[in-house]
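Note sheet for the following structure.
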Amino acid sequence: MMSDRLELRPVTEADLDAFDLAFQSESGATRHQWFGFTPTVALREALRTRGLLAGADNMLAVTVGGELAGRVEWLERRWGRRDTSLCWEIAIGLLPESRGRGIGTSAQRELVRYLFTHTRVERVQATTDPENKAEIRCLEKIGFQLEGVVRRAQWRGGRWHDQLLYSILRDEFDPQPASSPDGSA
Ligand SMILES: CC(C)(COP(=O)(O)OP(=O)(O)OC[C@H]1O[C@@H](n2cnc3c(N)ncnc32)[C@H](O)[C@@H]1OP(=O)(O)O)[C@@H](O)C(=O)NCCC(=O)NCCS
């Protein structure tokens, strides 16, 4: 029997095809993430040249029991000079059929663990819509703290939306055992 173990792994061209299919519509992207049709040629170029890793914008595929479940990203953010004040902002997009099973929490926890293990940053941040209750719950379960409201930050769906800014610091992160969607080790 195949395990339900959640893993992060480098993205493939076939994954990008699956993401295009899943996220290029409002129902697939969800109203919190639908910005209209978005070209993905730059992602494909970044995959060819650097595997979508080791850059200012990076991506790993999320798999559960070896099946593609979605993707996580981490993007460079600077609060001062790059060499001293860089942090990562994380983002996630699960395929519609993978939502609501605890994968979002486990995948973002794994990504934070990965970033604190393999990079020297002191903080990992995330932003989300105040109405995106599932994402807010995921972040809070991992230990992210609310830092504030970025007012009218995002134009989407014909109007401005506030964004919540969350962060977790290196010494606040409880890595816990490697996780699976149902929370078991
Ligand atoms: C947001 C997203 C990552 C959440 O991941 P998920 O696997 O669906 O969420 P989970 O199953 O881990 O659930 C997380 C928590 O949110 C809760 N939750 C889910 N929907 C909720 C809602 N509408 N209201 C309140 N709580 C909700 C769940 O009950 C769970 O809490 P619990 O463990 O205390 O019961 C995922 O749904 C997704 O990819 N959505 C589309 C893209 C997106 O919104 N990305 C984030 C952008 S910032």
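One-based numbering, in listed order, for ligands and for the atoms of each.
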Take atom 29 (O) of ligand 1 and look for protein heavy atoms under 4.0 Å from it; say yes if you find one, no if not. no

Which ligand 1 atoms are under 4.0 Å away from a heavy-atom of [X]?
{"X": "T128", "result": "48 (S)"}
{"X": "G93", "result": "39 (O)"}
{"X": "T30", "result": "41 (C)"}
{"X": "R137", "result": "15 (C), 16 (O), 17 (C), 30 (C), 31 (O), 32 (P), 34 (O)"}
{"X": "C138", "result": "4 (C), 5 (O), 9 (O), 12 (O), 14 (C)"}
{"X": "T105", "result": "12 (O), 14 (C)"}

For [X] and ligand 1, does the shortest N/O to N/O distance drop below 3.5 Å?
{"X": "Q108", "value": "no"}
{"X": "A29", "value": "no"}
{"X": "R101", "value": "yes"}

One residue to check: [X]. Relative to ligand 1, which of side chain, backbone, both or neither has a non-hydrogen atom less than 4.0 Å away?
{"X": "R99", "result": "both"}
{"X": "T127", "result": "backbone"}
{"X": "L94", "result": "both"}
{"X": "K141", "result": "side chain"}

Among all protein heavy atoms, pick the one closest to [atom] and tell me residue, atom and distance.
{"atom": "atom 24 (N) of ligand 1", "value": "K133 CB, 3.2 Å"}
{"atom": "atom 11 (O) of ligand 1", "value": "G102 N, 2.7 Å"}
{"atom": "atom 21 (C) of ligand 1", "value": "A134 N, 4.0 Å"}
{"atom": "atom 46 (C) of ligand 1", "value": "I92 O, 3.7 Å"}
{"atom": "atom 7 (O) of ligand 1", "value": "G104 N, 2.7 Å"}
{"atom": "atom 8 (O) of ligand 1", "value": "G100 N, 2.7 Å"}
{"atom": "atom 47 (C) of ligand 1", "value": "Q33 NE2, 3.3 Å"}

Angle between ring planes, F173 versus F116, binned at 30° and 60°: parallel, tilted or perpendicular? tilted

Would you call the rings of F23 and F19 parallel, tilted or perpendicular if under 30° counts as parallel and over 60° as perpendicular? parallel

Take W74 and L53 through the test side chain to side chain contact (heavy atoms under 4.5 Å, CB included) and record every step on the way to the result. CA-CA 9 Å; W74 63 105; L53 297 167; 3.7 Å; yes

Any R152 side-chain heavy atom under 4.5 Å of D162 side chain: yes

L95 and L68, any side-chain heavy atoms less than 4.5 Å apart: yes

Could you tell me whether D17 and R44 make a salt bridge, using a distance below 4.0 angstrom between a side-chain N and a carboxylate O? yes

